[in-house]
Amino acid sequence: MISVNKSIRLSIIALLTVALLAGCGNPVATESATAAQTPAVVQEPADAPLPEGPGLHETITLPDGWTMDQAITMADIEAVTGQTGYQFFPEGASDAKNGNPAGSFTIAGKGDRKVGFFVFTKGKQEKADYFQDFAVEGSVEGIDSPVWDHGYIADFMDGSSAIVVLRGDCCMRINYFPDGHAGKDKTELGTALAELLINKLYGGEAAAPLASAAPEATQEAAAPAENGGIPDALPSELTSAATLNEFATKLFLEHVKANIFIAPVFSEEDLANARKALPLIIEATTKAVALDAGMAELYYLRGKAYAYTYYDAKDAAMQEKGLADLQTAMDMGLSEDMVKPEYDQLASK
């Protein structure tokens, strides 16, 4: 089943293209559950008029290449959820330069507070149908609003929920955990989060970029400070796809530098840290996939981890697994502009 973030909906493009990465989620879909489910497919009427809503523009008002932290601020999330302490977390699914930005907001040590935002400007109907296919059977509920064409809320196996809405050319998905927001109605919270995103994108009220967002999120890694911040084993408290994804993404961003086993410019300490981090990244993403098989970003991150392991040890099995995961990520709709270069480099080695 697919999950949106207890936190996926998955961390990483802008940061991962630079640092090579991995982040949003959807619960795991078992064959029986998928076969049993008869999703209420959202059908978009041809040439449907765009919902106007008070003060909204027909198109997104942010410049091309906008990122999620330019649209949504920590103050916005705290105002909607009524909780404080949120920090921005860069999702590996983010492909802002190609019109598919993503980003999440988390509170350290509280995985069930995570809220993830994902926007897709291509293939909106396919995305909406795909997400629905992984929902818990019988949980899909249509949601109407004057600010979107179509929408639904669905639950996933990891305890998360997602609201998915279509407006104009875009599919927007917001992941959250109802249990982490006691006292707030699931539907009302999802609706409020979706309306927040739409108002920020189409209302001309976008916030200024959060220059400190990515560094702050990285500094919050839930790993001990000693030994380069890399634990000796996967922390036992990581039990949801969201927390596993976050852990793996942060390890990759901090310790697996681009071309670290290819370019002869890295220190022995850097090499040792990458070798220690990679098995943990593979273990964490494998457990996350078992919880959220519909999250393409997990396959992308694990595929990169397999690739770097292969570059170091030249184990053909790692190359084969890496190519399979990267191909799966592309098959599931992750941007080829991001994944294909990684695939081609691994295939050529």
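Quick caveat: nothing in here was measured; it's all calculated off a predicted structure. Along the sequence shown, residues carry numbers from 1.
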Below 30° counts as parallel, above 60° as perpendicular, anything between as tilted: where do the rings of Phe131 and Phe120 land?
tilted

Applying side chain to side chain contact (heavy atoms under 4.5 Å, CB included), can you list everything that pairs with Glu141, at least two apart in sequence or on another chain?
Ile143, Thr187

Test log, rule side chain to side chain donor-acceptor pair (under 3.5 Å), inputs Thr243 and Glu246
CA-CA 5 Å; Thr243 55; Glu246 183 173 347; over 6 Å; no

If we ignore hydrogens and angles and just use 3.5 Å, is the side chain of Asp149 paired with the main-chain N or O of Gly168 as donor and acceptor?
yes

For the residue pair Asp270 and Asn273, confirm or rule out a side-chain donor-acceptor distance under 3.5 Å.
no

Do the non-hydrogen side-chain atoms of Thr81 and Phe105 ever get within less than 4.5 Å of each other?
no

Taking atom CZ of Phe261 and atom CG of Asp312, what is their separation to the nearest 0.5 Å?
4.0 Å

Are Ser161 and Lys186 close enough that some pair of their side-chain heavy atoms sits under 4.5 Å apart?
yes

Hey, are Glu283 and Thr286 close enough side-chain-wise for a donor-acceptor pair under 3.5 Å?
no

Flag, side chain of Tyr176 to backbone of Leu189, donor-acceptor distance under 3.5 Å
no

Could you tell me whether Arg167 sits above the aromatic face of Tyr202, with NZ or CZ closer than 6.0 angstrom to the six-membered ring centre and within 45 degrees of the axis?
yes

Judged by modelled atom types alone, do Asp76 and Thr73 share a side-chain donor-acceptor pair under 3.5 Å?
yes

Find the distance between CG (Leu291) and CG (Leu244) and round it off to the nearest 0.5 Å.
6.5 Å

Would you mind checking if Asp232 and Lys276 are paired as a salt bridge, meaning a charged N to carboxylate O distance below 4.0 Å?
yes

Give a yes-or-no answer on whether the side chains of Asn199 and Glu195 include a donor-acceptor pair shorter than 3.5 Å.
no

Just to verify, what does Tyr311 make a ring-ring contact (aromatic ring centres under 6.0 Å, His included) with, not counting sequence neighbours?
Tyr308

Is there a donor-acceptor contact under 3.5 Å linking the side chains of Thr106 and Arg113?
no

Exactly one of Thr249, Thr328, Asn245, Asp325 should register a side-chain contact (heavy atoms from CB on, under 4.5 Å) with Leu298. Which one does?
Asn245

Flag the pair Asp315 / Tyr306 as yes when at least one side-chain heavy-atom distance between them is below 4.5 Å, and no otherwise.
no

Flag, side chain of Gln70 to backbone of Thr67, donor-acceptor distance under 3.5 Å:
yes

Is His255 close to Ile281 at the side-chain level, that is, under 4.5 Å between some pair of heavy atoms?
no

Counting C-beta onward and ignoring hydrogens, is there a side-chain heavy-atom pair between Leu196 and Ile72 closer than 4.5 Å?
yes

Without swapping roles, check the side chain of Glu78 against the backbone of Gly85 for a donor-acceptor pair under 3.5 Å.
yes

Using a 3.5 Å distance criterion without hydrogens, assess whether the side chain of Gln319 forms a donor-acceptor pair with backbone atoms of Leu346.
yes

Side-chain (Gln132) to main-chain (Val164) donor-acceptor, under 3.5 angstrom
no

